[in-house]
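Structure first, commentary second.
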Amino acid sequence: MYDVLIVGGGAAGYAAGIYAARAGLRTLVLTGDEPGGQMGIAETVENYPGTGALDGPKLAEDMRRDAQRAGAELRMERAVEVSLREYRVRTARETYEGRTLIYAAGASPRRLEVPGEERFRGRGVSWCAACDGAFFRGKDVAVVGGGSSAVSEALTLSHVCRRVYLLHRRDALRAERRLTERLEEAENVTFLWNVQVEAVLGRETVTGLAYRELPGGCRRELPCAGVFVAAGRKPNTELLQGQLELDAGGYVPADETTRTAVPGVFAAGDVRTKAVRQVVTAAADGAVAALMAAKFLQNPQK
Ligand code: NAP
């Protein structure tokens with residue numbers, strides 16, 4: 001029996017682990033089988049205070065080490081079933097029980113849901129330039145999306161690929177300005193505005209994509225060897241379905257205290273309803289959730 005069961009091995013989960021263990025609570029962090037969360041696959045994290053520009057996996061590893069040093073137990077297991085009211089989590093190996101539960105399972109890349117996307121997954125379709133960009137050295141690739149992720153992915157790819165096409169369904173990006181300016185300076189990046197991707201094309205591997213000019217214009221094909229999808233994220237809340245009410249986007253409703261509708265259950269990081277999803281806000285949530293869990297254990301009525 002743990003005092004605090006933490007589901008999630010990203011910034012929120014690790015910060016919660018550090019704070020809970022330092023509060024003297026028996027703490028278990030289930031990190032999933034790919035620890036580090038979104039941080040773990042980010043090429044660089046430039047805006048986490050005090051760290052300078054760090055590569056994402058290094059920051060993730062440092063946080064993991066700090067949680068362990070603080071006294072949290074860490075297991076590289078993925079939750080397959082969560083019972084919020086019983087503070088119980090099942091993985092493929094074991095079932096764990098706690099007296100409180102911090103859900104910090106993060107968010108995953110959204111799919112375009114067009115023909116060819118799943119079929120060519122790992123054979124030309126990717127959601128991670130830092131992981132897969134090197135496979136496309138000297139080749140032409142497409143990035144789909146118009147937020148900071150799309151711009152960041154395109155920048156990463158511009159260093160290794162021959163040409164990078166950025167396809168966006170609007171006529172302007174909504175990415176961070178500093179990132180956008182850097183991308184505009186890259187000579188091998190071409191922007192395709194007001195286009196909707198309709199299919200990923202290929203035989204054994206990707207050979208291109210089909211898109212339509214908006215509104216209702218011609219269908220065209222763009223030859224390329226890789227398609228990087230950067231169309232935002234969706235919260236990993238499938239395991240919570242039916243146990244508490246989620247918001248319209250599938251996020252867990254909780255305010256700045258991270259308390260959810262279920263007493264003793266806290267939502268931290270990108271799974272929580274919030275205005276800004278960044279490593280620094282996820283870490284902050286983790287700290288708050290752990291201290292709220294400690295308070296709950298002292299007085300469950302409050
Ligand atoms: P986002 O800001 O939600 O942007 C998603 C983009 O994908 C939007 O441009 C959206 O188009 C487009 N999109 C969504 N569904 C699509 C579809 N089916 N087909 C085509 N396009 C689609 O997500 P994000 O870029 O992943 O960023 C998430 C958060 O992380 C943001 O807060 C961001 O600032 C942060 N972030 C920061 C950095 C950094 O270096 N500081 C890097 C990455 C992410 P519409 O505009 O038409 O909706």
Side-chain angles (χ1 to χ4, degrees), residues 10-12 36-49 51-60 106-118 125-131 133 142-159 165-184 186 191-200 209-215 217 219-220 222 227-236 247-251 269-285:
Q38 293 169 59
M39 199 173 38
I41 54 168
E43 196 182 56
T44 48
V45 177
E46 296 182 353
N47 50 12
Y48 192 78
T51 56
L54 269 188
D55 67 290
K58 165 92 172 88
L59 183 57
S108 299
R110 191 179 287 138
R111 304 286 191 261
L112 294 175
E113 291 178 15
V114 296
E117 186 183 31
E118 277 308 313
V125 174
S126 169
W127 286 264
C128 177
C131 321
V143 175
V144 187
S148 291
S149 296
V151 173
S152 168
E153 296 283 272
L155 260 176
T156 301
L157 294 164
S158 71
H159 302 310
Y165 295 92
L166 189 140
L167 291 86
H168 184 31
R169 61 188 182 184
R170 297 183 194 275
D171 61 2
L173 300 169
R174 61 155 128 131
E176 249 178 59
R177 204 145 133 215
R178 255 188 67 198
L179 283 174
T180 306
E181 283 168 0
R182 272 164 50 195
L183 190 65
E184 283 166 351
F191 294 87
L192 297 179
W193 303 111
N194 297 311
V195 294
Q196 181 82 49
V197 172
E198 292 194 332
V200 178
L209 55 74
Y211 65 89
R212 189 169 296 280
E213 291 174 344
L214 298 173
R219 181 177 156 111
R220 297 187 187 280
L222 175 73
V227 175
F228 286 80
V229 179
R233 309 192 174 272
K234 62 173 183 50
N236 294 323
D247 76 6
Y251 295 92
D270 281 10
V271 288
R272 181 171 79 80
T273 46
K274 52 168 41 188
V276 178
R277 293 192 171 86
Q278 294 281 303
V279 181
V280 70
T281 59
D285 268 12

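Both counts, for ligands and for their atoms, begin at 1 and track the order of listing. Bear in mind the structure is a predicted one, so any value in this text is a computation, not a measurement.
- Neither the backbone nor the side chain of A42 comes within 4.0 Å of ligand 1, counting heavy atoms alone.
- Among protein heavy atoms, atom 30 (O) of ligand 1 sits closest to R277 O, 3.9 Å.
- The residue from E153, Q278, R174 that puts a heavy atom closest to atom 48 (O) of ligand 1 is R174.
- Residues passing the side-chain contact (heavy atoms from CB on, under 4.5 Å) test with K58, sequence neighbours excluded: L54, D55, D62.
- If you check which protein heavy atom lies closest to atom 36 (N) of ligand 1, you get S148 CB, 3.6 Å.
- Summary of contacts: the protein heavy atom closest to atom 23 (O) of ligand 1 is G232 CA, 3.4 Å.
- Residue H168 places a heavy atom less than 4.0 Å from ligand 1.
- Using a 4.0 Å cut-off between charged nitrogen and carboxylate oxygen, D285 and R272 count as a salt-bridge pair.
- Backbone and side-chain nitrogen or oxygen atoms of G146 are examined, and one is located within less than 3.5 angstrom of a nitrogen or oxygen of ligand 1.
- Put simply, CG on L214 and CH2 on W193 are 13.5 Å apart, with the number rounded to the nearest 0.5 Å.
- Among protein heavy atoms, atom 19 (N) of ligand 1 sits closest to L112 CD2, 3.5 Å.
- Nearest residue to atom 39 (C) of ligand 1 from R170, E113, E176, R111 is E176 (criterion: closest heavy atom).
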Could you check V151 against L173 for side-chain contact (heavy atoms from CB on, under 4.5 Å), going step by step and ending with a plain yes or no?
CA-CA 9 Å; V151 173; L173 300 169; 3.9 Å; yes
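- Looking at R182 and E46, a side-chain N of the basic residue comes within less than 4.0 Å of a carboxylate O on the acidic one, giving a salt bridge.
- Closest approach of Y48 and A283 over heavy atoms only: OH-CB, 3.7 Å.
- Partners of E198 by side-chain contact (heavy atoms from CB on, under 4.5 Å), not counting sequence neighbours, listed by chain and number: R212, R219.
- Protein heavy atom in closest approach to atom 17 (C) of ligand 1: R169 NH1, 3.4 Å.
- Every atom of ligand 1 with a heavy atom of N47 under 4.0 Å away is listed here by number and element: 41 (N).
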Begin with the C-alpha distance, continue with both residues' side-chain angles, and end with the deciding distance and a verdict on side-chain contact (heavy atoms from CB on, under 4.5 Å) for W127 and R111.
CA-CA 9 Å; W127 286 264; R111 304 286 191 261; 3.3 Å; yes
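- Of the candidates G145, A231, S149, S149 brings a heavy atom nearest to atom 25 (O) of ligand 1.
- The ligand atoms of ligand 1 that sit less than 4.0 angstrom from a heavy atom of A230 are 7 (O).
- Shown in contact with L179 at under 4.0 Å from a heavy atom are these atoms of ligand 1, numbered in order with element: 39 (C), 40 (O).
- Checked against L209 for a side-chain contact (heavy atoms from CB on, under 4.5 Å), the options V195, V114, L112, V227 give a single hit: V227.
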